[in-house]
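Just the heavy atoms: all of them, side chains too, but no hydrogens, waters or symmetry mates, feed the values below.
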Amino acid sequence: MRYGDMPEASEGMSGSGKVRIMHALIKLGDGALMASDWPEGRDRPQSSVSISHVSDSREAAKAIFERLMDGAEEVMMPFDDTFWADGFGMLRDRFGTAWMINGPSKM
């Protein structure tokens with residue numbers, strides 16, 4: 001659903017604001033990730049939000065991290081082993097979304 005689909009969309013919302021995503025649902029196995037674009041005219045979106053993903057293997061986690069690095073704005077923590085997980089890395093992707101990618105837990 002886009003912001004332009006709201007009944008109030010005709011009241012002062014620009015064309016670019018109307019095409020932004022207001023509600024999206026991505027099914028991931030038995031789970032789901034819900035997301036939306038930040039409303040037009042607001043401060044920097046997602047400045048204090050991260051998406052955390054845990055993979056079943058270190059290799060899978062590292063592959064996801066490397067794909068997200070393509071055009072990334074910032075790598076806050078390169079992917080490496082940690083005391084809590086068999087691989088972990090943090091970055092902000094090319095869309096400004098912060099990610100925490102984990103391998104399997106060591107605990």
Side-chain angles (χ1 to χ4, degrees):
M1 176 182 290
R2 297 183 183 275
Y3 283 100
D5 297 329
M6 298 187 310
E8 302 86 16
S10 61
E11 301 172 15
M13 187 177 288
S14 75
S16 64
K18 290 180 180 182
V19 298
R20 291 176 188 229
I21 303 298
M22 183 174 78
H23 174 82
L25 175 68
I26 302 167
K27 292 189 176 189
L28 303 167
D30 293 333
L33 176 65
M34 297 178 73
S36 69
D37 288 326
W38 197 250
E40 185 176 36
R42 301 278 176 100
D43 292 333
R44 180 177 167 94
Q46 304 177 27
S47 59
S48 62
V49 175
S50 296
I51 297 173
S52 182
H53 175 78
V54 179
S55 290
D56 292 335
S57 72
R58 184 183 197 288
E59 295 76 23
K62 187 172 183 180
I64 291 168
F65 188 83
E66 288 175 352
R67 285 194 304 266
L68 288 168
M69 279 183 45
D70 182 25
E73 288 182 6
E74 174 185 14
V75 175
M76 288 90 83
M77 185 174 178
F79 192 87
D80 205 351
D81 289 331
T82 66
F83 67 90
W84 71 86
D86 190 13
F88 175 80
M90 292 174 51
L91 59 80
R92 188 171 302 280
D93 71 17
R94 63 183 171 197
F95 303 108
T97 302
W99 292 85
M100 298 185 297
I101 305 298
N102 288 273
S105 174
K106 290 181 179 178
M107 302 182 148

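Looking at every heavy atom in both residues, Arg58 comes nearest to Asp81 through NE-OD1, 3.0 Å.
Contact annotation: the side chain of Asp80 never approaches that of Phe88 to less than 4.5 Å [non-hydrogen atoms, C-beta and beyond]. Proximity of Ile64 to Phe79: side-chain heavy atoms (C-beta onward) are nowhere separated by under 4.5 Å. Leu68 places none of its side-chain heavy atoms less than 4.5 Å from the side chain of Arg94.
Applying the side chain to side chain contact (heavy atoms under 4.5 Å, CB included) criterion to Ala60, with sequence neighbours excluded, gives Ser55, Ser57. Take Arg2 and apply the side chain to side chain contact (heavy atoms under 4.5 Å, CB included) test, not counting sequence neighbours, and it matches Asp5, Val19, Ile21.
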Which side-chain N or O atoms in residues 98-107 pair as donor and acceptor under 3.5 Å with protein atoms at least two apart or in another chain?
from   : atom 1 : to     : atom 2 : distance (Å)
Trp99  : NE1    : Asp93  : OD2    : 2.9
Asn102 : OD1    : Trp84  : NE1    : 3.1
Ser105 : OG     : Met107 : N      : 3.0
Lys106 : NZ     : Thr82  : O      : 2.8

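Hydrophobic clustering, with ILVMFWY side chains joined whenever heavy atoms are under 4.5 angstrom apart, keeps Val54 apart from Met76.
Put simply, CD on Glu73 and OG1 on Thr97 are 8.5 Å apart, with the number rounded to the nearest 0.5 Å. Between the NZ atom in Lys62 and the CE atom in Met69 there is a gap of 9.5 Å [rounded to 0.5 Å].
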